[in-house]
Amino acid sequence: MTDDQQHHDDNKLIAERRQKLDALREQGNPFPNDFRHDVLAAELQQAHGEKTKEELEPLAIRAKVAGRVMARRGPFMVLQDQSGRIQIYADKAIQQEIKHWDIGDIVGVEGVLHKSGKGDLYVMIERQQLLTKSLRPLPEKWHGLTDTEQRYRQRYVDLIINEETRDTFRIRAAVISGIRQYLVERGFYEAETPMLQVIPGGATARPFVTHHNALDLQMYMRIAPELYLKRLVVGGFDRVFEINRNFRNEGVSTRHNPEFTMVEFYQAYSDYRDMMNLTEDMLRTVAANVLGKTEVEYQGESFDFGKPFARMTVVESILHFNPGVTEQQLGDIVEAREIAKGLGIPLKDSYGLGKVQIEIFEKTVEHQLKQPTFITEYPTEVSPLARRSDSNPFVTDRFEFFVGGREIANGFSELNDAEDQAERFHKQVAEKEAGDDEAMFFDEDYIAALEYGMPPAAGEGIGIDRLVMLFTDSPSIRDVILFPHMRPLHK
RNA sequence: GGGCCGUUAGCUCAGCGGUAGAGCAGUUGGCUUUUAACCAAUUGGUCGAUGGUUCGAAUCCAUCACGGCCCA
């Protein structure tokens with residue numbers, strides 16, 4: 001596209017700004033990079049916001065601030081930097097000099113800090129520099145950018161204009177660093193395991209398929225880091241974790257994005273009960289540190305991370321939320337199938353009792369688990385990587401964690417019996433061959449690792465996105481992912 | 001994949017068969033310690049796209065695109 005066409009395509013607002021930029025070019029480089037701020041807006045507000053005008057004036061505090069012009073109010077402008085906002089004031093002479101500044105421009109300003117009659121801090125401009133000309137007009141100052149599609153497609157605009165969006169991603173960053181700090185303080189090593197895998201393992205899900213040209217090899221985007229992290233436990237990393245993306249080739253919804261962030265961690269010489277205790281303490285700690293409290297307000301409901309989390313088994317929870325159902329019925333494959341059919345759950349012939357129970361659980365219990373709740377004793381049939389319960393081989397030493405009716409975490413005592421693991425893989429392969437494209441592959445090397453011996457261990461994965469949704473009162477997972485996936489626009 | 005809803009100025013939205021509108025932003029001027037600053041004037045549009053119905057379509061119908069919510 002030629003310059004002429006480019007200019008022709010601009011609307012009038014952009015064309016006007018482009019003319020100002022052209023004028024700046026004639027005077028020199030319009031994109032200088034020699035201004036250095038020495039303080040952030042929020043630092044000024046925090047240090048001096050409470051001072052009276054009389055207290056502040058004699059101090060004659062000098063400040064260099066830089067940021068984006070967000071509003072104009074007579075001789076004042078509002079500057080926004082990463083930390084917050086500060087006003088700047090231009091006398092008549094300076095006003096003439098900065099007449100070409102537009103809302104959205106990035107500027108640097110130096111002067112003395114003052115307080116206005118109404119009690120707001122401002123920097124009285126002595127020297128000023130336009131650092132970057134903004135060519136596109138920002139959305140409206142009062143309503144901000146509300147169009148969901150544009151907020152997701154142009155997140156940078158959303159971040160400039162909507163403070164709630166900035167807050168959401170600040171909290172996200174704080175949650176991730178809080179979890180990282182919690183684990184590191186307890187002796188966990190952070191690891192990075194392959195995102196490109198030849199055998200996608202560690203979960204039952206449809207993977208993304210890709211191709212490595214040089215090796216001429218079909219590869220998969222990982223669906224979980226689990227099997228690699230447990231190889232590290234075999235290798236002697238008794239406490240290890242990874243915070244990174246998983247990819248699952250599934251639909252998108254308010255709760256699902258094809259790539260999402262998990263923290264997975266493994267701890268040798270511990271079991272699933274230790275993991276539940278750790279989870280409870282970690283989430284309580286992170287909530288307190290990030291939110292300043294342990295009650296979480298979410299979409300009109302309140303969830304209390306301060307109280308001990310409820311714990312019940314899969315069967316107990318089904319009985320609790322289905323008063324007409326008895327434990328005997330749930331334990332019988334024929335009767336359990338009848339119950340599921342009565343609930344309108346489609347069943348495959350291949351489903352065993354454990355799978356049927358979980359279908360009933362997901363349909364009738366999951367969405368009702370509002371307050372923080374651990375559900376334990378998941379059937380072995382649906383837990384191909386978890387250790388069987390010593391007292392009841394039908395179930396595993398596994399739990400899932402729910403808040404607000406959503407699964408947030410999944411953990412278990414690890415299966416470290418190589419022969420049992422091989423058998424479970426064989427079952428998965430049989431299911432895959434029967435048409436279940438979510439079933440697992442047989443991972444020979446993982447079996448080999450277990451044959452070297454993995455210490456008794458437990459591990460867990462926590463869905464970061466869903467946790468951040470809770471902590472930021474976000475109704476959609478897309479609100480907590482900076483650049484959620486969208487269909488490309490044509491042309 | 002199915003159902004419902006949406007797409008109009010840079011942004012937020014009215015208009016729902018008869019000349020395309022408002023607020024903010026922009027431009028010009030005034031004011032000059034403002035707080036969604038204010039006052040006056042003013043610019044700005046393939047009404048998502050393509051077909052159709054009609055004397056006449058932003059408006060009704062169909063198809064498509066993109067998005068949202070709910071369901072599978």
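So you know, we letter chains A, B, ... as the sequences are listed, proteins then strands, and number each from 1. Because the structure is predicted, anything quoted here is derived from the model rather than measured. Heavy atoms only: backbone and side chains are in, while hydrogens, waters and symmetry mates are out.
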Is any side-chain heavy atom of [X] less than 4.5 Å from a side-chain heavy atom of [Y]?
{"X": "A/I464", "Y": "A/V480", "value": "no"}
{"X": "A/M469", "Y": "A/I477", "value": "yes"}
{"X": "A/R62", "Y": "A/E110", "value": "yes"}
{"X": "A/N244", "Y": "A/M195", "value": "yes"}

Task: hbond_proxy A/Q87 side chain to B/rU33 base (donor-acceptor, 3.5 Å cutoff) - done: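 No.
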
- [ ] Ignoring hydrogens and angles, answer whether the base of B/rU34 and the side-chain atoms of A/Y89 contain a donor-acceptor pair closer than 3.5 Å.
- [x]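 There is none.
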
Task: Contacts of type side-chain hydrogen bond (donor to acceptor under 3.5 Å, both in side chains), residue A/D167, not counting sequence neighbours - done: A/R170

Task: Results of side-chain hydrogen bond (donor to acceptor under 3.5 Å, both in side chains) for A/D473 - residues two or more places apart only - done: A/Q299

Open item on the list: Within the 3.5 Å criterion, strictly below it, is a donor on A/R406 or A/Y298 matched to an acceptor on the partner's side chain?
Closed with: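 There is such a pair (donor and acceptor under 3.5 Å, judged by atom type) between the side chains of A/R406 and A/Y298.
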
Hey, can you tell me if [X] and [Y] have their rings parallel, tilted or perpendicular (30° and 60° cut-offs)?
{"X": "A/F247", "Y": "A/F208", "answer": "perpendicular"}
{"X": "A/F309", "Y": "A/F401", "answer": "parallel"}
{"X": "A/F76", "Y": "A/Y122", "answer": "perpendicular"}

Round to a whole Å and report the spacing from [atom1] of [X] to [atom2] of [N].
{"X": "A/W142", "N": "B/rG23", "atom1": "CH2", "atom2": "P", "result": "18 Å"}
{"X": "A/K53", "N": "B/rU33", "atom1": "NZ", "atom2": "C1'", "result": "8 Å"}
{"X": "A/Q96", "N": "B/rU32", "atom1": "CD", "atom2": "C1'", "result": "13 Å"}
{"X": "A/I88", "N": "B/rU33", "atom1": "CD1", "atom2": "C1'", "result": "14 Å"}
{"X": "A/K99", "N": "B/rU28", "atom1": "NZ", "atom2": "C1'", "result": "9 Å"}
{"X": "A/I161", "N": "B/rA25", "atom1": "CD1", "atom2": "P", "result": "12 Å"}
{"X": "A/Q19", "N": "B/rU27", "atom1": "CD", "atom2": "C1'", "result": "12 Å"}
{"X": "A/N257", "N": "B/rG67", "atom1": "CG", "atom2": "P", "result": "13 Å"}

For nucleotides [N] and [M], find the distance between their [atom1] atoms and express it as a whole number of Å.
{"N": "B/rG48", "M": "B/rC13", "atom1": "P", "result": "15 Å"}
{"N": "B/rA62", "M": "B/rC24", "atom1": "C1'", "result": "37 Å"}
{"N": "B/rG52", "M": "B/rG6", "atom1": "P", "result": "25 Å"}
{"N": "B/rG51", "M": "B/rA57", "atom1": "C1'", "result": "13 Å"}
{"N": "B/rA25", "M": "B/rC11", "atom1": "C1'", "result": "8 Å"}
{"N": "B/rA20", "M": "B/rU8", "atom1": "C1'", "result": "9 Å"}
{"N": "B/rU50", "M": "B/rG2", "atom1": "C1'", "result": "25 Å"}
{"N": "B/rA37", "M": "B/rU33", "atom1": "C1'", "result": "10 Å"}

Open item on the list: Quick check for you: to the nearest 0.5 Å, what is the distance between A/E366 atom CD and A/I358 atom CD1?
Closed with: 9.0 Å

Task: Atom pair CG/OG1 of A/N246 and A/T261 - distance to nearest 0.5 Å - done: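 One gets 8.0 Å once the value is rounded to the nearest 0.5 Å.
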
Under a 3.5 Å limit for both distances, which nucleotide forms a Watson-Crick or G-U wobble pair with [N], could you say?
{"N": "B/rG10", "value": "B/rC24"}
{"N": "B/rC69", "value": "B/rG3"}
{"N": "B/rU32", "value": "none"}
{"N": "B/rU54", "value": "none"}

- [ ] Between A/W101 and A/Q95, name the one whose nearest nucleotide on RNA chain B is closer to the 5' end.
- [x] A/W101

Task: First encountered from the 5' end of RNA chain B, between A/P346 and A/P139 - done: A/P139

So, OP1 or OP2 of [N]: does either fall under 4.0 Å of a side-chain N or O from [X]?
{"X": "A/T146", "N": "B/rU12", "answer": "yes"}
{"X": "A/K118", "N": "B/rU34", "answer": "yes"}
{"X": "A/R487", "N": "B/rA65", "answer": "no"}
{"X": "A/K20", "N": "B/rU27", "answer": "yes"}
{"X": "A/K141", "N": "B/rC11", "answer": "no"}

TODO: Report the residues that fulfil ring-ring contact (aromatic ring centres under 6.0 Å, His included) with A/Y272, sequence neighbours left out, ordered by chain and then residue number.
DONE: none

Open item on the list: Please give me every residue in residues 61-85 of chain A whose heavy atoms get under 4.0 Å of an atom in RNA chain B, ordered by residue number.
Closed with: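 Listed by number, they are A/R72, A/R73, A/G74, A/P75, A/F76.
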
Task: Cation-aromatic face contact A/R155/A/F483, 6.0 Å, 45 degrees - done: no

How is [X] classified with respect to the nucleic acid when contacts are heavy atoms under 4.0 Å: base, sugar-phosphate, or nothing?
{"X": "A/G251", "answer": "nothing"}
{"X": "A/D147", "answer": "sugar-phosphate"}
{"X": "A/R153", "answer": "sugar-phosphate"}

TODO: Verify, without hydrogens or angle tests, whether A/E381 (side chain) and A/K355 (backbone) share a donor-acceptor contact under 3.5 angstrom.
DONE: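 A pair under 3.5 Å: yes.
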
What pairs of nitrogen or oxygen atoms, one from the protein and one from nucleotides 68-71 of chain B, lie under 3.5 Å apart?
residue: B/rG68; atom: OP1; partner: A/R478; partner atom: NH1; Å: 3.0
residue: B/rC69; atom: OP2; partner: A/R478; partner atom: NH1; Å: 3.2

Tabulate atom names and distances for all N/O pairs under 3.5 angstrom spanning the protein and nucleotides 43-46 of chain B.
residue: B/rU43; atom: O2'; partner: A/K12; partner atom: NZ; Å: 2.3
residue: B/rU43; atom: O2; partner: A/K12; partner atom: NZ; Å: 3.2

